[in-house]
> 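If you scroll down you'll find the structure; I have some questions about it.
Below, chains carry the letters A, B, ... as their sequence lines are ordered, and counting in each starts from 1. Just the heavy atoms: all of them, side chains too, but no hydrogens, waters or symmetry mates, feed the values below.
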There are 2 protein chains.
Amino acid sequence: MASLVGIVEDNKKIRDLIQRYLDMQDELSCPVAVDSVEEMLEYLEEHEKPRVILMDIQLPGMSGIKGIGLIKEKYPEIDIIMLTVYHDSHKIFNALRAGASGYLLKHTSLPEIKESIVNLVDGGAPMSPQIARKVINHFQDNAPKKNPDSDLTPREHDIVNGLVDGLSYKMIADRYDISIDTVRAHIRNIYKKLHVNSKAEVIAKSLKGEI
Amino acid sequence: MASLVGIVEDNKKIRDLIQRYLDMQDELSCPVAVDSVEEMLEYLEEHEKPRVILMDIQLPGMSGIKGIGLIKEKYPEIDIIMLTVYHDSHKIFNALRAGASGYLLKHTSLPEIKESIVNLVDGGAPMSPQIARKVINHFQDNAPKKNPDSDLTPREHDIVNGLVDGLSYKMIADRYDISIDTVRAHIRNIYKKLHVNSKAEVIAKSLKGEI
DNA sequence: AGTTTTATAACATGTTTATGTGATACATAC
DNA sequence: GTATGTATCACATAAACATGTTATAAAACT
């Protein structure tokens with residue numbers, strides 16, 4: 001069954017080009033291409049909902065980012081891909097925070113756009129590589145700092161991994177073929193290094209990336 | 001000029017396959033493929049630095065995530081792409097935080113891997129669509145894959161938060177001004193809903209966003 | 001050569017957790 | 001109007017955990 005796709009794009013040439021191309025694909029059908037969020041909202045009231053909407057940011061009337069919020073609020077099951085020339089971090093993050101599931105730059109080729117929609121329907125999140133780079137950089141800037149004093153030995157890391165996997169001391173002892181008292185000994189040292197005094201805190205620190 | 005690529009991957013078959021394929025490409029050259037971070041670090045001491053390193057996470061000796069940190073610390077100009085079977089959110093985020101510039105799942109085809117490397121050299125950030133989806137979800141901070149059967153009540157969420165904060169039953173009882181037996185009762189119900197039977201597992205699930 | 005670190009192990013003891021069973025009260029749902 | 005779910009509390013017991021003390025041996029460091 002073909003997935004329905006909608007387009008919100010104010011440049012008629014681009015809009016028609018994309019619509020015609022997508023509509024030609026076996027897997028897709030593109031019954032609606034409008035030039036404003038307002039028109040799309042009207043359309044959604046009265047017709048079968050598309051599975052995916054391609055949306056520009058710069059639009060007459062309401063901005064695409066504001067549009068994401070409104071559409072997702074009423075129809076959370078619709079996935080929205082931004083298709084825009086903007087690659088500044090602020091617009092990207094606002095769009096993603098508003099609920100966009102993908103972000104493509106406008107120079108993306110028609111086959112790639114098609115590929116992205118199929119991807120999205122399959123549970124992926126299409127992003128132009130330059131966009132992904134910015135998103136990743138954002139992560140690295142906010143990286144939590146590790147406590148240098150908390151350098152664990154390889155064996156201690158093994159034990160921590162066991163704890164994170166939800167194992168008991170006995171199960172950890174079995175996994176690494178050592179005695180339970182040795183596990184205890186390692187745990188004692190780990191607690192000292194991490195300044196904690198329970199399994200729970202070790203697991204939390206580990207999963208937060210602080211080890 | 002061909003970009004140099006290094007590989008750290010403990011499965012010899014996969015390693016050789018990728019190396020041979022990449023080395024065949026005009027744009028790339030793959031002079032080094034080893035099975036541990038330790039070996040790669042040795043290699044880097046004595047040879048021309050690769051532009052990009054493909055790295056597994058699960059490795060003999062030091063984990064790939066720890067390896068990212070060490071390599072980026074000494075050679076920040078090298079870009080690292082994770083190539084792994086893990087699609088666990090925490091592994092992804094820890095890898096990205098540690099300094100990875102891309103994250104591909106192992107089922108990625110050889111041509112796609114090549115494409116990703118070229119992409120990275122051009123300033124992009126290759127990511128498998130499923131990975132991108134998780135990264136985006138993180139932005140929207142909506143839970144990735146809640147188990148519908150595991151719907152906790154508000155009070156149960158309080159208790160889980162207490163556990164995640166590393167509190168004992170007694171401390172949780174104090175925090176919410178209820179009896180320790182009530183805490184026990186809630187914990188029992190939580191375990192039942194989540195199909196687990198230890199604090200550790202609840203904390204792990206919670207921090208992995210599975211609650 | 002001597003010290004520190006790592007990995008191993010045993011024994012003891014008190015605390016915390018996991019689990020069973022049972023009960024009361026209130027609100028919502030069917 | 002009686003199930004169902006939430007929130008509360010109690011008592012009991014076995015298992016798991018936290019912590020103290022002590023010790024051996026190999027590896028790494030000074």
> Please report the closest heavy-atom contact between B:S89 and B:K134, naming both atoms and the distance.
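Reported closest heavy-atom pair: OG-CD, 3.6 Å.
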> Under 3.5 Å, side chain of A:S63 to main-chain N/O of A:K66, donor-acceptor pair present?
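Present.
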> With distance as the sole test, does B:D23 use its side chain to make a donor-acceptor pair with the main-chain N or O of B:Q19 at under 3.5 Å?
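Not at all, since once roles are kept as given, no pair shorter than 3.5 Å links the two residues.
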> Taking A:D158 first and then A:R175, would you say they form a salt bridge - that is, a charged N and a carboxylate O separated by under 4.0 Å?
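The answer is no: the pair does not qualify as a salt bridge.
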> Measure from the side-chain N and O atoms of A:S3 to the backbone N and O of A:R51, and report whether any donor-acceptor pair falls under 3.5 Å.
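Checked: no pair found.
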> Just the rounded figure in Å: distance from C1' of C:dA7 to CD1 of A:I159.
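That distance rounds to 10 Å.
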> Would you find more than 12 non-hydrogen atoms of other residues, nucleotides or ligands less than 6.0 Å from B:E77 atom CD?
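Yes, CD of B:E77 has more than 12 neighbouring heavy atoms, counting only those of other groups under 6.0 Å.
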> Any carboxylate oxygen within less than 4.0 angstrom of a Lys/Arg side-chain nitrogen, looking at B:D16 and B:K12?
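The answer is yes: the pair qualifies as a salt bridge.
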> According to a strict under-4.0 Å criterion, is A:K192 in side-chain N/O contact with OP1 or OP2 of C:dT5?
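Answer is no, no contact under 4.0 Å.
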> Under the 3.5 angstrom rule, does the side chain of B:H90 hit a backbone N or O of B:L207 as a donor-acceptor pair?
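Yes; judged by distance alone, with no hydrogens or angles, the pair exists.
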> Can you check each nucleotide of nucleotides 8-22 of chain D against protein heavy atoms at under 4.0 Å and return B for base, S for sugar-phosphate only, - for none, in 5' to 3' order?
BBBB-----BBBBB-
> May I ask you to decide if A:D181's main-chain N or O and A:S179's side chain share a donor-acceptor pair within less than 3.5 Å?
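Here the side-chain-to-backbone pair exists.
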> Please report, rounded to the nearest Å, how far the P atom of C:dA18 is from the NE2 atom of B:H195.
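Value for this atom pair: 17 Å.
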> How large an angle, rounded to 10°, do the end axes of the helix from C:dT3-D:dA28 to C:dC30-D:dG1 enclose when each is built from five base pairs?
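The two end axes of the helix from C:dT3-D:dA28 to C:dC30-D:dG1 meet at 50°.
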> Show each protein N/O and nucleotides 23-26 of chain D N/O combination with a separation under 3.5 Å, one pair to a line.
none

> Is the number of heavy atoms from other residues, nucleotides or ligands within 6.0 Å of NZ (B:K49) greater than 12?
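Count over threshold, so yes.
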